[in-house]
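Reading through the structure tokens given below for one structure.
We use all heavy atoms of the structure for the numbers below, so side chains are in, but hydrogens, waters and symmetry mates are not.
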Amino acid sequence: QVQLVESGGGLVQAGASLRLSCAASGRSFSTYAMGWFRQAPGKEREFVAGISSSGGTTYYADSVKGRFTIFRDNAKNTVYLQMNSLKPDDTGVYYCAAGLSPSPSAKFYAWGQGTQVTVSS
């Protein structure tokens with residue numbers, strides 16, 4: 001099974017940018033759809049973005065459209081989340097996940113440990 005390790009989180013001010021990375025182990029990374037999720041304190045985990053195995057199809061939560069971009073480099077077994085114009089509401093633990101479909105309603109079955117993103121106002 002694929003193993004995932006996120007990195008790139010941190011503390012930034014509103015309006016700043018961050019790029020999260022998720023490195024995957026295993027030989028089948030290019031066959032997985034990938035997703036980014038986040039969980040804010042006291043809230044349920046929510047879908048942020050998803051990308052198909054080839055990178056040709058992407059999905060975004062309405063709250064991040066136009067500000068976040070998901071992309072992947074299959075040669076490096078890595079998926080990224082570029083986050084621009086960050087807002088305090090973007091604060092949370094960000095997780096990457098692997099599955100068979102990148103859609104918000106799909107089931108993702110392998111998860112990373114998460115990376116903290118904190119956006120101050």
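I70 and Y59 fall into different hydrophobic clusters, where Ile, Leu, Val, Met, Phe, Trp and Tyr are joined by side-chain heavy atoms under 4.5 Å apart, directly or via other members. Hydrophobic clustering places V117 together with W36 (ILVMFWY residues linked when any side-chain heavy atoms are closer than 4.5 Å, directly or through intermediates). V5 and V79 end up in different hydrophobic clusters when Ile, Leu, Val, Met, Phe, Trp and Tyr side chains are linked at under 4.5 Å.
Ring pair F37/W111: centre-to-centre distance below 6.0 Å.
Panel note: side chain E6, backbone Q113; a donor-acceptor pair is recorded below 3.5 Å. Between the side chain of R45 and the main chain of R38, no donor-acceptor pair closer than 3.5 Å is present. Using a distance-only test at 3.5 Å, with no hydrogens or angles considered, a donor-acceptor pair links the side chain of S52 to the main chain of T57. Side-chain N or O atoms of N74 include one that pairs as donor or acceptor with a backbone N or O of S53 at under 3.5 Å.
L86 and V12 make their closest contact through CD1-CG2, 3.8 Å (heavy atoms, listed as atom of the first residue, atom of the second, distance). Closest approach of A110 to Q1, counting heavy atoms only: CB-NE2, 3.7 Å. Shortest non-hydrogen contact noted between P104 and F47 is CG-CE2, 3.6 Å. Here the closest heavy-atom approach between residue A14 and residue S121 is recorded as CB-CA, 4.4 Å.
Rounded to the nearest 0.5 Å, atoms CG (N77) and OG (S28) are 9.5 Å apart. With values rounded to the nearest 0.5 angstrom, L18 atom CG is found 9.0 Å from F68 atom CZ. To the nearest 0.5 Å, atoms OG1 (T91) and NZ (K43) are separated by 10.0 Å. Between the OG atom of S7 and the CG atom of L20 there is a distance of 8.0 Å, given to the nearest 0.5 Å.
Using a 4.5 Å heavy-atom threshold, the side chains of K76 and S21 count as separate. Between T115 and V93 the shortest side-chain heavy-atom distance does not fall below 4.5 Å. Between L4 and Y95 the shortest side-chain heavy-atom distance does not fall below 4.5 Å. Looking at heavy atoms from C-beta onward, F108 lies out of side-chain contact with Y32 at the 4.5 angstrom threshold. A 4.5 Å side-chain heavy-atom check between L81 and V48 finds at least one atom pair inside the cut-off. Counting heavy atoms from C-beta outward, V119 and Q13 have side chains that stay 4.5 Å or more apart. Taking 4.5 Å as the limit, every side-chain heavy atom of K107 sits out of range of all side-chain heavy atoms of L100. The shortest side-chain heavy-atom distance between M83 and Y94 falls under the 4.5 Å cut-off.
Residue Q3 places its CD atom among 12 or fewer non-hydrogen atoms of other residues, nucleotides or ligands, all under 6.0 Å distant.
Checked for salt-bridge contact, D62 and K65 meet the test: a charged N lies under 4.0 Å from a carboxylate O.
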- Does the side chain to side chain contact (heavy atoms under 4.5 Å, CB included) test come out yes or no for T58 and F71, once each step is laid out? CA-CA 8 Å; T58 56; F71 59 102; over 6 Å; no
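Inspection of the S17 and N84 side chains reveals an N or O donor paired with an N or O acceptor under 3.5 Å. Counted by atom type alone, Y80 and R19 present zero donor-acceptor pairs between their side chains at under 3.5 Å.
For the pair R72 and F29, the distance from NZ or CZ to the six-membered ring centre is under 6.0 Å and the angle to the ring normal is within 45 degrees.
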